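Below, all heavy atoms of this structure are taken into account, side chains as well, without hydrogens, waters or symmetry copies. As the structure is a prediction and not an experimental result, all values here were calculated from the model.
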Amino acid sequence: MPSDMALAAIVAELQQASSLRQKQDIQTAAQRLGQVSGRDEAIALGDDCAAIPQGDGYLLLAAEGIWPQLIETDPWFAGWCAVMVNVSDIYAMGGYPLAVVDALWSQDAVRAAPLWDGMIAAADTYAVPIVGGHSNHHSPYNALAVSILGRAKALLSSFKAQPDDHLLLAVDLDGQPHPKYPFWDAATQKDGATQRANLALLPTLAKRGWCDAAKDVSMGGVIGTLL
């Protein structure tokens, strides 16, 4: 066990981590959206996806913007991640993905090509079609965001977490670190069938009633996600 001084040093370092500080930006959206009149109060704010009640289940809707530095330095992986992180959000809510759309800004088509290659590779791996979106090849910068639609019958929601719950970290250790950034890559070198089977464990747990709360591990890491 670390000493009190060592633990304090770790806490101080984490408090300055950009991945944790950027997570605080969501408070601005939460404050604004909380003031919107007419919003369906059955749709809680702050989960990995918006869970929209429909019939005997929920439509799941989410979106992710990709880190600009990753787009500039590793555009293929950025395109891959744009699809992968959205797929992960759907499964983390106990659902299955249906389709994604993208919004892509680039300085020209050449710079957009590796982003497209990464997105298409991930879409094939996770068997999720890219069904439309927006493209602009006359932008002063390169940027990418992807949105996803999914569906769940038994919902996993972070709002259901309670004190004294047992906490389980579900992670695929069969992978490797990214050569430059603190990302664990257990996806790009693995076949799609294996990955889809692994991810399907989450909606299976939800359906059987063995788990009712979950959260996708995000850029904030385990500590940031728990917070």
Peer 1: Is it true that S158 and D47 share a donor-acceptor pair across their side chains at a distance under 3.5 Å?
Peer 2: yes

Peer 1: Take L104 and L115 through the side-chain contact (heavy atoms from CB on, under 4.5 Å) test and state the conclusion after the steps.
Peer 2: CA-CA 9 Å; L104 173 62; L115 292 167; 3.5 Å; yes

Peer 1: Distance check, rounded to the nearest 0.5 Å: W210 atom CH2 versus K207 atom NZ?
Peer 2: 12.0 Å

Peer 1: Specify the closest pair of heavy atoms between L199 and V87, including all atoms of both residues, with the distance to one decimal.
Peer 2: CD1-CG1, 4.1 Å

Peer 1: Could you measure the distance from the CG atom of L156 to the CG atom of L205? Nearest 0.5 Å is fine.
Peer 2: 7.5 Å

Peer 1: How far does CE of M119 sit from SG of C81, to the nearest 0.5 angstrom?
Peer 2: 12.0 Å

Peer 1: Check whether any side-chain heavy atom of L60 lies under 4.5 Å from a side-chain heavy atom of L155, and answer yes or no.
Peer 2: yes

Peer 1: Taking D185 for its side chain and G175 for its backbone only, find out whether a donor-acceptor pair lies under 3.5 Å.
Peer 2: no

Peer 1: Find out whether L226 and L167 are in side-chain contact, i.e. whether some heavy atom of one side chain is under 4.5 Å from a heavy atom of the other.
Peer 2: yes

Peer 1: R111 and D108: side-chain contact (heavy atoms from CB on, under 4.5 Å), yes or no, with the steps?
Peer 2: CA-CA 6 Å; R111 288 179 174 86; D108 53 53; 2.4 Å; yes

Peer 1: Are any of the side-chain heavy atoms of Y91 and P203 separated by less than 4.5 Å?
Peer 2: yes

Peer 1: Could you report the tightest heavy-atom contact between H134 and N136, atom names first, then the distance?
Peer 2: NE2-CB, 3.9 Å

Peer 1: What are the two closest non-hydrogen atoms of I148 and P97, and how far apart are they?
Peer 2: CD1-CB, 3.8 Å

Peer 1: Does the pair K190 and T125 meet the rule for a side-chain contact (heavy atoms from CB on, under 4.5 Å), with working shown?
Peer 2: CA-CA 9 Å; K190 194 168 297 174; T125 294; over 6 Å; no

Peer 1: Taking all heavy atoms of D102 and all of L144, pick out the closest pair and write down the distance.
Peer 2: CB-CD1, 4.4 Å

Peer 1: Check whether the side chains of H178 and D74 place a donor and an acceptor atom closer than 3.5 Å, and report yes or no.
Peer 2: yes

Peer 1: Please tell me if the side chains of Q189 and Q176 come closer than 4.5 Å, counting only heavy atoms from C-beta onward.
Peer 2: yes

Peer 1: Give, for atom NZ of K160 and atom CG of D165, the distance between the pair rounded to the nearest 0.5 Å.
Peer 2: 12.0 Å

Peer 1: Taking all heavy atoms of S135 and all of W116, pick out the closest pair and write down the distance.
Peer 2: OG-CZ2, 3.8 Å

Peer 1: Rounded to the nearest 0.5 Å, what separation is found between the CH2 atom of W80 and the OH atom of Y126?
Peer 2: 5.0 Å

Peer 1: Is a side-chain N or O of D48 found less than 3.5 angstrom from the main chain of D216, in a donor-acceptor match?
Peer 2: yes

Peer 1: Can you confirm whether or not the ring centre of W105 sits under 6.0 Å from the ring centre of H137?
Peer 2: no

Peer 1: State yes or no: do L173 and V222 share one hydrophobic cluster built from I, L, V, M, F, W and Y residues joined by side-chain heavy-atom distances below 4.5 Å, directly or via other members?
Peer 2: yes

Peer 1: Provide the full list of side-chain hydrogen bond (donor to acceptor under 3.5 Å, both in side chains) pairs with a residue in residues 144-156, sequence neighbours left out, each pair given once.
Peer 2: Q54-R151, D56-R151

Peer 1: Side chains of V171 and V217: does their closest heavy-atom pair fall under 4.5 Å?
Peer 2: no

Peer 1: Measure the spacing between OH of Y58 and CD1 of I52 and express it to the nearest 0.5 Å.
Peer 2: 12.0 Å

Peer 1: Please check this pair: side chain of S3 against backbone of A6, looking for a donor-acceptor N/O pair closer than 3.5 Å.
Peer 2: yes

Peer 1: Does a donor on one side chain and an acceptor on the other come within less than 3.5 Å for T73 and Y181?
Peer 2: yes

Peer 1: Within the distance-only criterion (no hydrogens, no angle test), does the side chain of W67 pair as donor or acceptor with the backbone N or O of A78 below 3.5 angstrom?
Peer 2: no

Peer 1: Give me the atom names and distance for the closest heavy-atom approach of V85 to E64.
Peer 2: CG2-CG, 3.6 Å

Peer 1: Output, in order, the C-alpha distance, side-chain angles, deciding distance and verdict of side-chain contact (heavy atoms from CB on, under 4.5 Å) for V101 and V131.
Peer 2: CA-CA 6 Å; V101 295; V131 297; 3.7 Å; yes

Peer 1: With heavy-atom distances below 4.5 Å as the criterion, would you say the side chains of P53 and I43 are in contact?
Peer 2: yes

